[in-house]
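For reference, the structure is listed below as structure tokens.
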Amino acid sequence: MNVGNRPVGALDGGFDLQATLECGQSYLWRRADGHMYEEPNAAGGDAWYHVALPSTATETDEPEVIRLRQVDELLEWEASTPNAYARIEELLRLDDDLEAILAATPDDPLIERAYEAYRGLRLVRDPPFASLVSFICSAQMRVGRIHEMQVSLAERYGESVAFDGETYRAFPTAERLAAASEADLRELSLGYRAPYVERTAEMVADGEAHPGEARDLAYEAARESLTRFVGVGRKVADCVLLFSLGHLQAVPLDTWIRTAIEEHYPDCERDNYEETSRAIRERFGGEYAGYAQTYVFNWLRNNG
DNA sequence: TATCCAAGGTAAGTT
DNA sequence: AACTTACCTTGGATA
């Protein structure tokens, strides 16, 4: 077992682990106490874990288990492989200059209120395929159940890895998930999303397309590219662009943001997704509009 | 206890 | 190209 820690208070803009992992942008972490999305420990010190897939970048050949906790300004970890910090930094965007991003955000009462409430919340860099499946599953679903679905998929199809006397499972690769039938996935309560996940996993496993290919495209072309996958419209595509592929200007137009537009930014209303998206991205400051979106989403979901 | 409703939408069928 | 409608499942609200 490899352990380490880092004073995240020294990061530009700070860090809030609980807000980052439970704000509905990533469904690939589990709270150690089994009570994801419930009231966090008032004294702090809750732990979350994630199983990262093997990566040539870190030269590992089996999944890497990472367990994290935050005590005040100290981020502490235990991992199954050495040098976990590089992976943690990538996954949780600890390399973002959050202070500069917030400073570049336009003056706006709703955005400022949300920024104050969740100071230290960072976007994530989820692995592309897992992010894609997560948000295909998100259609007409509550955050807690989206998370349950991803846990079920990992339990049923993910590669297992032993760590600290327990068995953990990674999110399944496309190849492993492609082995599932629609009926198999319906048994995991995916409902009508089951054939979407099945067919998308096959597309990726067959090499027909990979969500990571959208990383280097221009934003709107990247969004269009992702809609090739089954079950992926513009909203889901925007989520993958923002929470996995680093297109920080993406503003997914979900029910919460649509309500926010109605009530707070009615002049951004257009008669289609494309144009409304452009208008609200501009209102949210362009380059980092997705950061504002995520804070506002979180504020409305918890306080609206 | 039973029924209704909405949840981070998308695909397929109609005009 | 715009507009409707069906779609699984479930927890919480309402009667």
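Excluded from the calculations below are hydrogen atoms, water molecules and symmetry mates; all remaining heavy atoms, backbone and side chain alike, are included. Letters go in sequence order (proteins before strands), and every chain restarts at 1.
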* **Separation of atom OH in A/Tyr273 from atom P in B/dG8, rounded to whole Å** => 15 Å
* To do: Mark yes or no: A/Arg6 above the aromatic ring of A/Tyr85, with NZ or CZ under 6.0 Å from the six-membered ring centre and no more than 45 degrees from the axis.
  => yes
* So, are A/Arg283 and A/Asp267 salt-bridged, with charged N and O less than 4.0 Å apart? -> yes
* Asked: Under 3.5 Å, is there an N or O donor on one side and an acceptor on the other linking the side chain of A/Arg193 and the base of B/dT10?
  -> no
* To do: Let me know, please, whether A/Asp271 or A/Pro195 comes out on the 5' side of the other along DNA chain C by nearest nucleotide.
  => A/Asp271
* To do: Specify the separation, in whole Å, of atom CD of A/Glu38 and atom C1' of C/dG11.
  => 13 Å
* Can you sort out which residues in residues 21-34 of chain A have a heavy atom within less than 4.0 Å of DNA chain B? Ascending by number, please. => A/Cys23, A/Gly24, A/Gln25, A/Tyr27
* Asked: Do A/Arg113 and A/Glu116 meet the salt-bridge criterion of a basic N to acidic O distance under 4.0 Å?
  -> no
* Asked: Would A/Glu287 and A/Arg281 satisfy salt bridge (charged side-chain N to carboxylate O under 4.0 Å, His left out), going step by step from the backbone distance to the final call?
  -> CA-CA 8 Å; A/Glu287 188 177 5; A/Arg281 272 183 282 135; over 6 Å; no
* To do: Report the distance from atom CD of A/Glu148 to atom P of C/dT10, rounded to the nearest whole Å.
  => 9 Å
* Any side-chain donor near an acceptor of the partner, A/Tyr49 and A/Asp164, under 3.5 Å -> no
* Rounded interatomic separation in angstrom, taking CZ from A/Arg142 and P from C/dT9 -> 16 Å
* Asked: To the nearest Å, how far apart are A/Tyr192 OH and B/dT10 P?
  -> 9 Å
* Residue whose closest nucleotide on DNA chain B lies nearer the 5' end, A/Gln293 versus A/Val230 -> A/Gln293
* Report the nucleotide, chosen from B/dG8, B/dT10, B/dA7, that has the shortest atom-to-atom distance to any side-chain atom of A/Ser138. => B/dG8
* Atom CZ of A/Arg228 and atom P of B/dT10: how far apart are they, to the nearest Å? -> 17 Å
* Basic-acidic side-chain contact under 4.0 Å: A/Arg119, A/Asp16 -> no
* **Electrostatic pair A/Arg199-A/Glu182, nearest N-O below 4.0 angstrom** => no
* Asked: Does a side-chain N-to-carboxylate-O contact under 4.0 Å join A/Arg67 and A/Glu78?
  -> yes
* **Under the salt bridge (charged side-chain N to carboxylate O under 4.0 Å, His left out) test, residues paired with A/Glu22 that sit two or more places apart** => A/Arg31
* A/Tyr196 vs A/Pro252, nearer the 5' end of DNA chain B by closest nucleotide -> A/Pro252
* Structure fact -> When rounded to whole Å, the NE2 to P distance for the pair A/His147 and C/dT10 reads 18 Å
* **C/dT10 phosphate, OP1 or OP2, under 4.0 Å from A/Ser189 side-chain N/O** => yes
* Round to the nearest Å and state the distance from A/Phe243 atom CZ to B/dG8 atom P. => 13 Å
* When the P atoms of B/dT3 and C/dC8 are considered, how many whole Å apart are they? -> 22 Å
* Asked: Using a 3.5 Å cut-off on both pairing distances, which stems of three or more Watson-Crick or G-U pairs include DNA chain C?
  -> B:1-7 with C:9-15, B:9-15 with C:1-7
* To do: For A/Arg186, answer base if it contacts any base atom (sugar-phosphate contacts may also be present), sugar-phosphate if it contacts only those atoms, and nothing otherwise; contact means non-hydrogen atoms under 4.0 Å.
  => sugar-phosphate
* Asked: Would you say A/Trp256 stacks on B/dG8, if stacking means ring centres under 5.5 Å apart and planes within less than 30 degrees?
  -> no
* A/Asp72 side chain vs A/Leu74 backbone, donor-acceptor pair below 3.5 Å -> no
* Separation of the P atoms in B/dG8 and C/dT5, to the nearest angstrom -> 24 Å
